[in-house]
Novice: 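Dropping the structure in here first, questions after.
Note on naming: letters A, B, ... go to the chains in the order of the sequence lines (proteins, then strands), and numbering restarts at 1 for each one.
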2 protein chains.
Amino acid sequence: MTTIRDVAKLAGVSPATVSRVLNNKGYVSEEKLKIIDKVIKEMNFQPNQVARGLTKKSSKTLALLVTDITNPFFSELAKGAEKITQQLGYSLLLGNTGGNNPEKNADYMNFLKNKYIDGFIIATHDIDVEVLKKNYKSPMVILEADKDIENLCTIKVDNYHGAIEATKHLLSIGCQKIAHIYGPQYDATAKDRLRGFKTSMKHQEGSSGIEYPGDFSIMSGIESIQELLKKHSDIDGIFAGNDLIAIGVVKELNRLKIKIPEQIAVCGFDGITLTQITSPEITTIEQPIYKMGELAAERLIYRINHSFNETESIELKAKLVIRESTVKSAIDSKQ
Amino acid sequence: MTTIRDVAKLAGVSPATVSRVLNNKGYVSEEKLKIIDKVIKEMNFQPNQVARGLTKKSSKTLALLVTDITNPFFSELAKGAEKITQQLGYSLLLGNTGGNNPEKNADYMNFLKNKYIDGFIIATHDIDVEVLKKNYKSPMVILEADKDIENLCTIKVDNYHGAIEATKHLLSIGCQKIAHIYGPQYDATAKDRLRGFKTSMKHQEGSSGIEYPGDFSIMSGIESIQELLKKHSDIDGIFAGNDLIAIGVVKELNRLKIKIPEQIAVCGFDGITLTQITSPEITTIEQPIYKMGELAAERLIYRINHSFNETESIELKAKLVIRESTVKSAIDSKQ
DNA sequence: CTGAAAGCGCTTACAG
DNA sequence: CTGAAAGCGCTTACAG
């Protein structure tokens, strides 16, 4: 491995001077600059990041902590974050917190601390942000937090208005009895969506709303719709708390030979690609997930490079994507 | 941050001695060992990995390179690898190579080189393994390689016999005209599956096989089945080169109101969870993907710790998982 | 503008 | 069994 010393020797200067051009910092004469640049190219020299890290207390790496990488929401997010990370000269550590107890996650965070990880993207509820803040002064970007966090950057989607849009859409196609299967209420996301649903159903004469607790999984969608149908056989619209629930609902309705959307229309939330592989394809409120990943990495690196630690909260818009599960005519035309 | 020097001072010994107990290496008297251990606990000291890395030329981190983390095959793999990695005290760098030109990937690999990454898990065809071997002497585990690689560990699934099992299964339920939509032939996986299909269809009197090129995507499944039906309206079985193709096929058959499996039975390959969210659920040859991820990380770390660099090739069995898309009776009973 | 020196926090021969 | 010293490959005041 060629070192800064080798370069210095060949260029006839001191390592310090080479370091200066490497870091683009401090004075270096035109003349030496040119020759050093040339030698660096010739030797194809790349500074050892570990050594550099030791003095700079930085590793040029970010950590992304997700609940479960096999959940399409998180893998999409990871893809976006990874792209920008790599593009800006960093690398991305992946941490899967799912199912682990907070204690273990704390251990892992501690472990990372000793590696001079430059910043964290937190996309999981398995870590207590307050604890995090107390223990780590590293830059962090928190996704889908339930509130702004002092000195950190939070990024979320406007779940409240997204939910309103979903509900209004179901109403607009004529649904009269709409059930919302909502996610766990410790999750800000789930809470906001439920709130949006409630708001939209208020003062809707002729239509009524039912709220049913679920847990953001396909299985939960299947079980919820079974229960709902027992109690309310006249439901004609489902607003699922997320796409996985919607997928479960669609699956079970298919099994029961209940026609979607003729008998029951279904709308999800998230915009994961799975909503396009079911039959029928599922209408959903699409979050810009990939973009959130990119943005998270971009903001994080900005914060690192500029020692920027103001409180910052970014809210992205979700948008309604209409597909077969709520378009009666589309299905009609196929028949 | 507390350093080894702080510990040494408090314990009344030299940093060298503390280092010895930290690394469990060299002689340390019982007496000092006990007190040093105590102080380490008290101060909650954890050695700085970067400093340690600089001297040991190691970073206690592995890199996982995948084609596309949003592909469920890879995210499942990543999950398994991440679990073991973390469990054994390492961390996992994620690299998404998809769509990038090899040159850019080479750059990225170079970048990682300077971080003392201890080993690589390569699960992508976007990197030329020969080039890799020439440039990096790091331990590596290669997944789904087309052949054994000297001094490295390769892990793959027995695609050939898996394909035979899939085909025999379709034959066993009475399919007479089976089409295999195969993946790109530069991919060893695709090649082996096609070979298995050919072998099984040989000497099958009363049944005939059709081979049709696809590309391992949902879209490809949709397009392939359209074309196939034009030319061969009497097809009654599809063996898809992978699950994504199978999902596309199922989707299109649903749209065309062609009954699965009564009119056409469908079998996929891979065992990704998506095969369980379609209607009907899809019969597939299940690869132990999660386990492959675990195994890859486990072998890699073993190689790192034991300087083990023998050629090693591991082949895992795939197993047939029968679901609705090939079980005529199950569907019958529902009607 | 440039180089010698000290330092980042650890580990590893080496001498005792 | 233990400590002083050198070294891993950089960067950063500091002096000139």
Novice: Taking for each residue the nucleotide of DNA chain D bearing the nearest heavy atom, is the 5' side occupied by Val18(A) or by Val13(B)?
Specialist: Val13(B)
Novice: Picking from dT12(C), dT11(D), dT11(C), which would you name as closest to the side chain of Leu22(A)?
Specialist: dT11(D)
Novice: Under 4.0 Å: is that the gap between some side-chain N or O of Ser29(A) and OP1 or OP2 of dT2(C)?
Specialist: yes
Novice: Tell me yes or no: between the side chains of Lys56(A) and Asn23(A), is some donor less than 3.5 Å from an acceptor?
Specialist: yes
Novice: For Ile35(A) and dT2(C), give me the distance from atom CD1 to atom P, rounded to whole Å.
Specialist: 11 Å
Novice: Rounded off to whole Å, could you give me the NZ-to-C1' distance for the Lys57(B) and dC10(D) pair?
Specialist: 12 Å
Novice: Just by distance, no angles: are the side chains of Tyr116(A) and Asn48(B) close enough, under 3.5 Å, to form a donor-acceptor pair?
Specialist: yes
Novice: Nearest whole Å is fine: how far is dC14(C) C1' from Arg20(B) CZ?
Specialist: 11 Å
Novice: Rounded to whole Å, please give me the gap between NZ in Lys25(B) and P in dC14(C).
Specialist: 14 Å
Novice: For dG3(D), take OP1 and OP2 only and decide whether either is under 4.0 Å from a side-chain N or O of Ser14(B).
Specialist: yes
Novice: Please determine, by modelled atom types, if Thr17(B) and Lys32(B) share a side-chain donor-acceptor pair under 3.5 angstrom.
Specialist: no
Novice: How is Ser19(B) classified with respect to the nucleic acid when contacts are heavy atoms under 4.0 Å: base, sugar-phosphate, or nothing?
Specialist: base
Novice: Quick one: Lys56(B) NZ to dC10(C) C1', roughly how many Å, whole number?
Specialist: 9 Å
Novice: My understanding is that a pair needs two contacts under 3.5 Å, Watson-Crick or G-U wobble. By that rule, which nucleotide pairs with dA13(D)?
Specialist: none
Novice: Without decimals, in angstroms, what is the distance between Arg52(B) CZ and dC10(D) P?
Specialist: 22 Å
Novice: Out of dT2(C), dG9(C), dT2(D), which nucleotide sits closest to the side chain of Tyr116(A)?
Specialist: dG9(C)
Novice: When you measure from the side chain of Thr17(A), which nucleotide among dT2(D), dT2(C), dC10(D) comes out closest?
Specialist: dT2(C)
Novice: Tell me which nucleotide among dT2(D), dG3(C), dG7(D) gets nearest to the side chain of Thr55(B).
Specialist: dG7(D)
Novice: If you compare all heavy atoms of Leu316(B) against all heavy atoms of Met292(B), which two are closest, and at what distance to 0.1 Å?
Specialist: CD1-CG, 3.3 Å
Novice: In whole Å, what is the span from the CD1 atom of Ile4(B) to the P atom of dG3(D)?
Specialist: 12 Å
Novice: Let me confirm one number: the CD-CD1 distance from Gln287(A) to Ile272(A), rounded to the nearest 0.5 Å.
Specialist: 10.5 Å
Novice: Under 4.0 Å between a side-chain N/O of Asn48(B) and OP1 or OP2 of dC10(C), yes or no?
Specialist: no
Novice: When both hydrogen-bonding distances must be under 3.5 Å and the geometry is Watson-Crick or G-U wobble, what is dA4(D) paired with, if anything?
Specialist: none
Novice: Taking atom C1' of dG9(D) as reference, at what distance in whole Å does atom CG of Leu54(B) sit?
Specialist: 6 Å
